[in-house]
Amino acid sequence: MGHTWPVFFRLLRWYAANSRPLPWREPTTSAWAVLVCEVMSQQTPVARVMPSWHEWMERWPEPADLAAASPAEVILAWGNLGYPRRALRLRECAAAVAADWNGVLPSSRDDLLTLPGIGPYTADAIIAFSYHKRSVVLDTNTRRVLCRLYGTAAPPSHLRKDEIARADAMVPLEDDLAWQWNAALMELGALVCTAKNPACQECPLRPDCAWFAAGKPESGTPRRVQRFTGTHREARGKIMAVLRGAKSPVSRDELVAAASLAPSRFDPALDSLLDDGLACLRSGGYALPGEL
DNA sequence: GTCCGGTTGG
DNA sequence: CCAACCGGAC
Ligand code: SF4
C-alpha cells in the first residue's frame, strides 16, 4: 500500500474528532515528562500509570531531580507498577541525561538508544511525541492496525525488517504530518482496532483494510503466554512488596515468612534482587537501597 | 486460572 | 535469537 493521501486524511480526520485528551500528548508537556510516561507505560496500562506519573513529575520535574533521588525513594514511588528494574533504569537514564546532555533529553534516535531503558519503541515515541519529528512508532497497537490493513489478524511475536519497512512506507515524509500519523494510528488501535472485537463498523480505515475485506480470518498462531504463578518472577515480586511496605530493615526470617515462600524459591529470588540493586543488606536486615 | 507488553542480557 | 522481567484486570 504505502503512504497515500486518502488513507492519511481518513485516519487524521477520525483522530481530530475522536482522540482522547491525553496529557502526555499535549505540546506543553516536557520531553522528559513524556519519556517518564512512556517508560511507565511500557508494560503497564496507562490508566494505572496516571497517578504515579503525576506524583513522580511533581516530585522530580527534571532529570537532575530524579538523578539526585535514592534508589529507595524511586522504588517506593514506582510502587506497584511492576518490573521495578525499570524504575532504576529510569533513574540511571536521568543521571545520564543530566551528566551528558546538560539535562536536555537528546532528540536523535541513536543518542536516545544509548540511554538506559530506552529501546526502539520509546526512542521513536520520543521523537514523535516529544519532538514532533518523523519516526516510525511500532508498538502493540500500531503493529496490530498495520498488520490488519495488510490482511493478517495479528502481528508476529518478533518484529522483522519487512514489517518495519512496510510501516515506514505508510508514514508521511513531513515531520508535522508524520507524528500525527503515529499518534492517530496508536489511538485507533487503542479505541477501535482493538485486539479483541475490533469496531470495524466505526473504523475510518475499513475501505483500506485487507483483513476486513477478507472477512476477518483468524490468525493461525496463538500468542504464547508467559506463565507467572510459581516462577522466580513471582517470588521477586513478593519480596519487593514486603520491602516496599517495611518501615525498617527486615530480618531474613521475617522476610521469608512475610513473602510466604519456600526457601528453595526465596533464596535465589533474594540473591537476584541484591544483584539488581533492588534490595540491600544492612544492619538489622534487608531493605530498599539508600536513604529515604 | 488467562491475558497483556518494550527492553535487556544471555 | 529468545527467555526473563511484574502486577492487576478479567
Ligand atoms: S476495519 Fe477493522 S480490522 Fe481493519 S483497521 Fe479498521 S478496525 Fe481494524
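Convention: sequence-line order gives letters A, B, ...; per-chain numbering from 1. Everything numeric here is computed off the predicted structure, so don't read it as measured data.
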- [ ] Determine yes or no for a side-chain-to-main-chain donor-acceptor pair under 3.5 angstrom, with A:R233 supplying the side chain and A:F228 the backbone.
- [x] no
Task: Which nucleotide in B:dT8, B:dT7, B:dG5 has an atom nearest any side-chain atom of A:R144 - done: B:dG5
Open item on the list: Output the rounded distance in Å from CD1 (A:I126) to P (B:dT7).
Closed with: 10 Å
- [ ] Mind calculating the distance between CG (A:L112) and C1' (B:dG6) to the nearest angstrom?
- [x] 15 Å
Open item on the list: As a test of reading the structure: which of C:dG7, B:dC4, B:dG5 is closest to the side chain of A:T140, going by heavy atoms?
Closed with: B:dG5
TODO: Compare the minimum distances between each of C:dG7, C:dC5, B:dG1 and the side chain of A:R233, then state the nucleotide with the smallest one.
DONE: C:dC5
Open item on the list: Checking the side chain of A:R134 only, and the main-chain atoms of A:V171 only, is there a donor and an acceptor separated by less than 3.5 Å?
Closed with: yes
TODO: Side chain of A:P120 only, please: which of B:dT7, C:dG7, B:dC3 is the nearest?
DONE: B:dT7
TODO: State, without any angle test, whether A:Y121 and A:Q42 hold a side-chain donor-acceptor pair at a distance under 3.5 Å.
DONE: no
TODO: Report the nucleotide, chosen from C:dC5, C:dG7, B:dC3, that has the shortest atom-to-atom distance to any side-chain atom of A:Y83.
DONE: C:dC5
TODO: Nearest-nucleotide wise, let me know which of A:A241 and A:H158 is further upstream toward the 5' end of DNA chain C.
DONE: A:H158
TODO: Answer yes if the side chains of A:T29 and A:E26 hold a donor-acceptor pair under 3.5 Å, and no otherwise.
DONE: no
TODO: Find the distance A:L88:CG to C:dC6:P and express it as a whole number of Å.
DONE: 10 Å
Open item on the list: Categorize A:Q42 for me: base, sugar-phosphate, or nothing, with a 4.0 angstrom heavy-atom threshold over every strand shown.
Closed with: sugar-phosphate
Open item on the list: Is the phosphate of C:dC6 approached by A:R86 (side-chain N or O, under 4.0 Å from OP1 or OP2)?
Closed with: no
TODO: Please tell me which of the listed nucleotides, C:dC6, B:dC3, C:dG7, lies nearest to the side chain of A:R244?
DONE: C:dG7
Task: Atom-to-atom span, CG of A:D275 to C1' of C:dC5 - whole angstrom - done: 15 Å
Open item on the list: Given B:dG1, C:dC5, B:dG6, identify the nucleotide with an atom nearest to the side chain of A:R85.
Closed with: C:dC5
TODO: Walk me through it: do A:L11 and A:W181 pass the test side-chain contact (heavy atoms from CB on, under 4.5 Å)?
DONE: CA-CA 8 Å; A:L11 181 59; A:W181 168 263; 3.5 Å; yes
Open item on the list: What is the separation between atom CG on A:D271 and atom P on C:dC5, rounded to the nearest whole Å?
Closed with: 13 Å
Task: A:N80 side-chain N/O to C:dC6 phosphate OP1/OP2 under 4.0 Å - done: no
Task: Heavy atoms from other residues, nucleotides or ligands near CZ of A:R160 exceed 12 (cutoff 6.0 Å) - done: no
Open item on the list: Rounded to whole Å, how long is the line connecting atom CG of A:L159 with atom C1' of C:dC1?
Closed with: 14 Å
Task: Residue met sooner reading DNA chain B from 5', once A:L81 and A:L115 are mapped to nucleotides - done: A:L81
Task: C:dC5 phosphate, OP1 or OP2, under 4.0 Å from A:H232 side-chain N/O - done: yes
Open item on the list: Once you apply a heavy-atom cut-off of 4.0 Å, does A:T44 come out as touching a base, just sugar-phosphate, or nothing?
Closed with: nothing
Task: Distance, rounded to the nearest Å, where A:F228 contributes CZ and C:dG8 contributes P - done: 9 Å
Task: A:D139 CG - B:dC4 P separation (whole Å) - done: 14 Å
